[in-house]
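This report concerns only the one structure given below.
Convention: sequence-line order gives letters A, B, ...; per-chain numbering from 1. We use all heavy atoms of the structure for the numbers below, so side chains are in, but hydrogens, waters and symmetry mates are not.
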2 protein chains.
Amino acid sequence: MSTAERAEGAAWDEVTPDAARRLLVAAVEAFAERGYHATTTRDIAGRAGMSPAALYIHYKTKEELLHRISAIGHGKALRILESAADGPGTASERLAEAVRTFVVWHAGRHMTARVVQYELDALGAEHRAEIIQLRRKCDAAVRRILGDGVQSGEFDVPDVSGTTLAVLSLCIDVARWFNVAGRRTPDEVGELYADLVLRMVARNQQ
Amino acid sequence: MSTAERAEGAAWDEVTPDAARRLLVAAVEAFAERGYHATTTRDIAGRAGMSPAALYIHYKTKEELLHRISAIGHGKALRILESAADGPGTASERLAEAVRTFVVWHAGRHMTARVVQYELDALGAEHRAEIIQLRRKCDAAVRRILGDGVQSGEFDVPDVSGTTLAVLSLCIDVARWFNVAGRRTPDEVGELYADLVLRMVARNQQ
DNA sequence: CCTGATGCTGAGCAAGCGCTTAGGGGTGCC
DNA sequence: GGCACCCCTAAGCGCTTGCTCAGCATCAGG
């Protein structure tokens, strides 16, 4: 079991039974490395130490595997953003917390995040529609913080919805470039990004 | 011919002969919509109005098509960033120009940009290494502007390389979310992003 | 010892993949 | 007209894909 597998696999203990979880963890790894369409069901089963047929005992199709990963992953991402948005503190504090924890998740669980954020198009129509609902809620959480900050006078944001888009986009893209072998830890990237985002919305003092 | 095809196809007139260009434009469209691995050579040829075999008269493999797209696209992106970085004006003006034009390209040519930025892993090892060299030069161009601004005292950037990464990441991710049917034009997104980036690096006046 | 449920495998099917090859048909030059 | 040249197609090859299915091992309850 690789380091990445150990670090990211621990998060899936809500998936039972054990064989189903092992398959799901293997799928996350494979989808993240090669992409959904370039991954074969034989590859997933092989990584989980099973025969190709074993996959179909626990999941109806390869697409159902992706959907399960995407739904659980988006659920976690949404919980991170909402608990920051609806938590205590000033708008600045809540925005910094939201960006920090969201970025730490995208960097620390960058395999999961890569699948969650970049393989949406591979989902079937109904599953995709369901996931897009979750995305809208993520957007709403960030927008709420920005709106609060504008109202309280902490922030100067001429275009709230555009800036919401930019903040989320900035955080999400961490999953694409983050490299475990790189110089930065997830916490360091989180700190850097929280600072950059606060600067983006801060009232201009000059 | 779709609107997108007309808008983006016009940029490939350096590719000759005509049949090779039509195939390449069709490939850009297909790769952008479905991804490299989910696109079949039959689909590309079909979009170009040719039989599946016609593709192999102009390109050795499907991967060579991707490489041609990626190389030309990265070349354009690099030229955009370098002409802003090495152009006239203060660091602030050059940074704003770089972000504005880079973002306008990613939004206006978002199909091309999506392939260029998100299908790197589908390239063969040598081709990928060649493209990564171009990426490093993009990174260097932005870093140069930030470095100049810090030296001249225009900018306050504690982590130049981290901020370089963030600025490029922000711009690149436009290709993922930009929607032609959306409310914003490429120019509007470019203006918004140039403003946000200037705020990120501006000296703190409080 | 039998029975039924559960979890898995070996073998393989139909379909679709990237790519090849033999040959046809138009165009320009002599 | 004759010929070479360039594009392109129809057909299909060898292989891999997602997925299926009959059957085997294990174990609990009687």
Starting from the C-alpha separation in whole Å, work towards a yes-or-no answer on salt bridge (Lys or Arg N to Asp or Glu O under 4.0 Å) for B/R144 and B/D148. CA-CA 6 Å; B/R144 215 180 307 148; B/D148 288 353; over 6 Å; no
So, are B/R176 and A/D173 salt-bridged, with charged N and O less than 4.0 Å apart? no
Determine, for A/R184 against B/D159, whether the closest basic-nitrogen to carboxylate-oxygen distance falls under 4.0 angstrom. yes
Any B/S51 side-chain nitrogen or oxygen under 4.0 Å from OP1 or OP2 of D/dC8: no
Residue-phosphate contact under 4.0 Å: B/H58 side-chain N/O, D/dC8 OP1/OP2: yes
Give the minimum heavy-atom separation between A/A32 and A/R114, together with the two atoms involved. O-CD, 3.8 Å
Closest heavy-atom pair, A/V197 versus A/L170, reported as atoms and distance to 0.1 Å, is CG2-CD2, 4.1 Å
Calculate the interatomic distance between [X] atom [atom1] and [N] atom [atom2]; express it in whole Å.
X	N	atom1	atom2	value
A/I57	C/dA5	CD1	C1'	13 Å
A/H37	C/dC17	NE2	C1'	14 Å
A/Y56	C/dC13	OH	P	17 Å
A/K60	D/dT20	NZ	C1'	15 Å
A/Y36	D/dT17	OH	C1'	12 Å
B/L55	C/dT20	CG	P	11 Å
B/D43	C/dC19	CG	C1'	16 Å
B/M50	D/dC7	CE	P	11 Å

In the 5'-to-3' direction, what one-character label does each nucleotide of nucleotides 21-27 of chain C receive under the scheme B = base within less than 4.0 Å of a protein heavy atom, S = sugar-phosphate only, - = no such atom? B------
hbond_proxy A/R42 side chain to D/dG18 base (donor-acceptor, 3.5 Å cutoff): yes
From C-beta outward on A/T40, which listed nucleotide comes closest to its side chain: D/dG18, C/dT9, D/dA10? D/dG18
side-chain hydrogen bond (donor to acceptor under 3.5 Å, both in side chains) with B/H74: of B/R135, B/R79, B/Q133, B/E130, only one passes, and it is B/R135
Establish, from distance only, whether the side-chain atoms of B/S161 and A/R183 form a donor-acceptor pair under 3.5 Å. yes
